[in-house]
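Have a look at the structure below before the remarks.
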Amino acid sequence: MLDVAVIEEPAAAGASLDPIRARILAALAEPGSAAMLATRLGLPRQKLNYHLKELERHGLVELVEERRKGNVTERIYRATAASYVISPSVLAALSPDPSRAPDQLSARWLLALGSRLVQEVGQLLTGAARAGRRVATFGIDAEVRFASAADRAAFAEELAQSVAALVSRYHDAAAPGGRSHRVLVGLHQIPTTPVTEGRATNAAGRTLATESEAGQEN
């Protein structure tokens, strides 16, 4: 079982978002049969079998064992991952594109950057899983509370200059055999309560992860 699987097919995304199938996926973090799940989730076994087949068809669950009990064969399933992320590539042309309107002060642009991060890292993870290889990445997650908006602006300016200097020092466009990496740095407020009805409350400032995507390791 993978720690995280990235869903890139629209049909698989739809299957994972179905409320009943989502409950089945969560329950199958530990292997189980249709009979076991029927009891645990309070659903008819016939209905569970139907949903299990659909989840298996989309690669979200897998058969791990068959047990013979008298004249009956019990099929044991488990989820293919402990958790799932739906790639923005599922939306195809509707997926946000950071190149459309680059703006360091735009929350929408920050979301577009995050969307691209999920899509690109998802592609790397999928390819690496198929090849049985690892993906080299690096991330930083930190929180900072600013005393004023001026301090926040000064922090952002200093951070931008530091990252630009570091990138300039190590970037070598002509390096033979070199691999391009993407560095993403974000800054946003932390909601103090869950976002509801499109509204979020004020919160302390936060530095998002500085994330580096890398190609598969040699």
Side-chain angles (χ1 to χ4, degrees), residues 1-19 21-22 25-26 29 54-62 79-142 156 159-160 163-164 166-167 170-171 173 175 177-191 194-195 198 200 206-218:
M1 176 187 286
L2 300 172
D3 290 333
V4 180
V6 181
I7 298 174
E8 298 178 306
E9 296 296 329
S16 71
L17 291 172
D18 178 274
R21 293 173 188 173
L25 284 174
E54 286 299 298
L55 290 171
E56 184 179 22
R57 185 165 69 90
H58 293 298
L60 300 175
V61 303
E62 59 188 358
T80 53
S83 58
Y84 297 87
V85 175
I86 297 177
S87 171
S89 63
V90 168
L91 295 174
L94 297 178
S95 180
D97 182 359
S99 66
R100 290 176 186 165
D103 182 355
Q104 287 184 313
L105 300 180
S106 168
R108 292 178 178 81
W109 191 58
L110 182 58
L111 280 178
L113 292 176
S115 174
R116 183 178 62 187
L117 174 69
V118 172
Q119 184 172 345
E120 292 182 348
V121 175
Q123 290 174 350
L124 289 173
L125 283 175
T126 299
R130 290 171 181 166
R133 303 173 70 179
R134 298 179 59 192
V135 177
T137 59
F138 171 74
I140 295 176
D141 183 19
L159 180 61
V163 171
L166 194 61
V167 169
Y170 285 95
H171 178 61
R179 290 183 174 182
S180 295
H181 292 61
R182 192 182 305 285
V183 178
L184 171 63
V185 180
L187 176 70
H188 70 86
Q189 288 184 313
I190 305 174
V195 177
R206 180 186 186 184
T207 56
L208 257 186
T210 300
E211 308 238 3
S212 171
E213 298 173 13
Q216 298 172 11
E217 292 181 342
N218 292 324

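Nothing fancy with the numbering, it's 1 onward along the sequence.
A 6.0 Å sphere centred on CD of E62 holds more than 12 heavy atoms belonging to other residues, nucleotides or ligands.
Applying the side chain to side chain contact (heavy atoms under 4.5 Å, CB included) test to L166 and every residue at least two apart in sequence or in another chain returns R169, Y170. In terms of the salt bridge (Lys or Arg N to Asp or Glu O under 4.0 Å) criterion, R108 has no residue partners (sequence neighbours excluded). Under the side-chain hydrogen bond (donor to acceptor under 3.5 Å, both in side chains) criterion, S115 pairs with no residue at all, not counting sequence neighbours. In this structure, the side chain to side chain contact (heavy atoms under 4.5 Å, CB included) partners of E56, at least two apart in sequence or on a different chain, are V61, L63, R75, Y77. Qualifying side-chain hydrogen bond (donor to acceptor under 3.5 Å, both in side chains) partners for Q119, counting only residues two or more places apart in sequence or in other chains: none.
Heavy atoms only, all atoms of each residue included: Y84 and A79 are closest at OH-CB, 3.6 Å. Summarising the geometry of G59 relative to T80, their closest heavy-atom pair is O-OG1, 3.1 Å, with the distance given to 0.1 Å. Scanning both residues, I86 and V118, for their nearest heavy atoms gives O-CG1, 4.2 Å.
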Below 3.5 Å, can you tabulate the donor-acceptor pairs from side chains in residues 1-15 to any protein atom, sequence neighbours excluded?
{"unit_1": "E8", "atom_1": "OE1", "unit_2": "T126", "atom_2": "OG1", "d": "3.4"}

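To the nearest 0.5 Å, atoms CD (E54) and OG (S16) are separated by 13.0 Å. From R116, atom CZ reaches atom CG of L184 across 7.5 Å, with rounding to the nearest 0.5 Å.
L55 places a side-chain heavy atom less than 4.5 Å from the side chain of L25. Looking only at side-chain heavy atoms (C-beta outward), L117 and L113 stay at 4.5 Å or farther from each other.
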* Pair T137-L124, side chain to side chain contact (heavy atoms under 4.5 Å, CB included): steps then yes or no -> CA-CA 10 Å; T137 59; L124 289 173; 5.6 Å; no
